[in-house]
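Report on one structure; see the data block that follows.
Residue numbers run from 1 in the order of the sequence given.
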Amino acid sequence: KEEVFMNLQYLKYLVTVAECGSIHEAAQQLLLKRQYVSNVIKTVEEKFGTEIFERQSRGVILTEDGKYLLEKAKQILQLYSEMEDDFLYPSRKQLNTCSDEIHIYLPPYLGMNNLMKAMEEYEQLFPNVNISVICKNKNDIYNTLQTEKNSLTLYFTHQTAEELQNQLFEDLHCELLRSFSLMLACAKSNQRVKQYSEISIKDALKLNLAFFAPEGLENAPFYHTIRYFGEPNIRYTIDNLFLLFQFLQTKNCYTIANQEIIDQNDTLIGIPFTQPVYSNAFLIYRPDLSHSYAFKSLLKVFKNYRNVRQV
């Protein structure tokens, strides 16, 4: 039997399918035909003689063998990514002494854990680069990126890269950083939490929900993602993160969050959905104004964190 040629692109496609929980959504993100992505999965499954994904009515989930294979695939991609990082090579260490100014603009709702880890790694590699982290609303950020060099933002959305790109200014570029799973979140003191080891998204939408929406509900993180599954019962719209945590404790209500946000507050607990629900994080910047060595290296460090999330 002819040996199947394995390449890194196949591994990237498998990781994307696992993160999206859907072959159709992964194909949209990758700008590929759904049938081609399905054929790649079949090819890899035949190569290793195992089933990677279990097909379900609304998408796919990893099998136990699939989880093992995907973990190895992510390790391979991570190692290859590090091989591409020229600033890690001993002979090029002098490049890391460059000086520059970089601005990172964040909407007020963005979780910071993985971003801070990436920045700490970058600062060790490039100690002479000054990074400013600035909080602004979405529209102001986009206007700033239009004219300011070496600037970027991170943005959460349910959209694919193609859908988001169509909504941006022509000069701006979006790039998928990573996908992550959403879950129901509530205070640990909520007496009803013991009822749920997991919950369907449709049942979760019927609960009393509080949403953190400093820029209005239409711009709230994860709002449009969950609306895909039905109309949520939003009882409270809150523009202050501290007040959101207070409402979760005193009103016994719930919110939608990712693990990163839950980890930032030890009073919260996450309840996974029975069917995976994903959202996407994108890097957005203007390429023709952001081509310094320091800036390109920061993008590489951020992209290395795309595999931090456990699939």
Side-chain angles (χ1 to χ4, degrees), residues 7-45 51-78 81 111 114 154-167 174-184 198 200-202 204 221-230 256-261 270 272-284 302-311:
N7 60 49
L8 291 173
Q9 287 301 115
Y10 281 12
L11 300 183
K12 291 178 182 178
Y13 298 162
L14 292 178
V15 170
T16 303
V17 172
E19 291 178 340
C20 292
S22 163
I23 297 174
H24 176 72
E25 290 184 19
Q28 285 186 321
Q29 279 193 12
L30 296 166
L31 302 180
L32 297 171
K33 293 183 177 179
R34 184 186 185 283
Q35 188 57 50
Y36 177 76
V37 177
S38 294
N39 289 341
V40 167
I41 295 172
K42 182 179 179 182
T43 297
V44 179
E45 288 180 331
E51 185 180 33
I52 300 172
F53 295 102
E54 178 184 333
R55 279 69 170 175
Q56 297 186 330
S57 59
R58 293 185 65 90
V60 295
I61 60 172
L62 287 167
T63 63
E64 289 302 310
D65 284 354
K67 291 177 182 178
Y68 173 82
L69 188 146
L70 258 291
E71 183 61 31
K72 298 302 179 184
K74 289 166 68 177
Q75 291 175 11
I76 291 170
L77 292 172
Q78 179 70 22
S81 176
N114 287 329
L154 279 80
Y155 181 59
F156 286 168
T157 179
H158 68 294
Q159 296 171 300
T160 65
E162 183 179 17
E163 290 169 339
L164 179 58
Q165 188 66 61
N166 289 336
Q167 294 183 0
C174 73
E175 188 169 345
L176 179 65
L177 183 62
R178 63 191 179 102
S179 297
F180 49 87
S181 59
L182 301 181
M183 60 185 68
L184 189 68
E198 59 180 12
S200 72
I201 180 65
K202 290 189 178 296
F222 319 141
Y223 173 66
H224 292 282
T225 301
I226 65 168
R227 281 197 66 190
Y228 173 79
F229 299 92
I256 306 297
N258 62 0
Q259 189 64 54
E260 192 169 330
I261 293 173
F273 294 125
T274 53
Q275 172 194 340
V277 178
Y278 292 100
S279 189
N280 300 318
F282 287 92
L283 292 171
I284 301 175
F302 279 167
K303 291 172 190 175
N304 285 345
Y305 276 79
R306 72 174 70 213
N307 293 329
V308 168
R309 170 190 167 278
Q310 293 183 353
V311 180

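Heavy-atom minimum distance, Gly270 versus Met183: CA-SD, 3.6 Å. Counting all heavy atoms, side chain and backbone alike, Phe229 lies closest to Lys202 at O-NZ, 3.1 Å. Across all non-hydrogen atoms, the minimal contact from Asn280 to Gln159 is ND2-O, 2.9 Å. Considering all non-hydrogen atoms of both residues, Ile41 and Arg55 come closest at CG2-NH2, 3.6 Å. For the pair Ala161 and Cys174, the tightest heavy-atom approach, listed with the atom from each and the gap, is O-SG, 3.4 Å. A pairwise comparison of heavy atoms in Thr157 and Tyr155 identifies CB-CE2, 3.8 Å as the closest pair.
To the nearest 0.5 Å, the span separating CG on Leu11 from OG1 on Thr16 amounts to 10.5 Å. Remark: Glu71 CD to Ile76 CD1 distance equals 11.0 Å, nearest 0.5 Å. Annotation: the span from Phe222 atom CZ to Asn258 atom CG amounts to 4.5 Å, rounded to 0.5 Å. With rounding to the nearest 0.5 angstrom, the OG1 atom of Thr274 is 6.0 Å from the CD atom of Glu198. Atoms CD and NZ, on Gln35 and Lys42 in that order, are 9.0 Å from each other to the nearest 0.5 Å. Considering CG of Leu184 and CD1 of Ile256, their distance stands at 5.0 Å, rounded to 0.5 Å.
Legend: residues meeting side chain to side chain contact (heavy atoms under 4.5 Å, CB included) with Glu64, ordered by chain and number and at least two apart, are Lys67.
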Starting from the C-alpha separation in whole Å, work towards a yes-or-no answer on side chain to side chain contact (heavy atoms under 4.5 Å, CB included) for Phe53 and Leu62.
CA-CA 5 Å; Phe53 295 102; Leu62 287 167; 3.4 Å; yes
Checking side-chain hydrogen bond (donor to acceptor under 3.5 Å, both in side chains) for the pair Glu162/Asn166: CA distance, chi angles, key distance, verdict?
CA-CA 6 Å; Glu162 183 179 17; Asn166 289 336; 5.0 Å; no
Go through the steps to decide whether Leu69 and Leu14 satisfy the test side chain to side chain contact (heavy atoms under 4.5 Å, CB included), and finish with yes or no.
CA-CA 10 Å; Leu69 188 146; Leu14 292 178; 4.0 Å; yes
Would you please test Leu154 and Leu283 for side chain to side chain contact (heavy atoms under 4.5 Å, CB included) and show each step?
CA-CA 5 Å; Leu154 279 80; Leu283 292 171; 3.8 Å; yes
Taking it one step at a time, do Gln78 and Lys74 satisfy side chain to side chain contact (heavy atoms under 4.5 Å, CB included)?
CA-CA 6 Å; Gln78 179 70 22; Lys74 289 166 68 177; over 6 Å; no
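Between Leu32 and Gln9, every side-chain heavy-atom pair lies at or beyond the 4.5 Å cut-off. Counting only heavy atoms from C-beta outward, the side chains of Ile284 and Leu164 approach each other to under 4.5 Å. The side-chain heavy atoms of Ile226 and Phe273, taken from C-beta on, include no pair separated by under 4.5 Å. Between Val44 and Tyr13, every side-chain heavy-atom pair lies at or beyond the 4.5 Å cut-off.
Checking side-chain atoms of Ser81 against main-chain N and O of Leu77 turns up no donor-acceptor pair under 3.5 Å. In this structure a side-chain-to-backbone donor-acceptor pair under 3.5 Å is present from Thr63 to Glu51.
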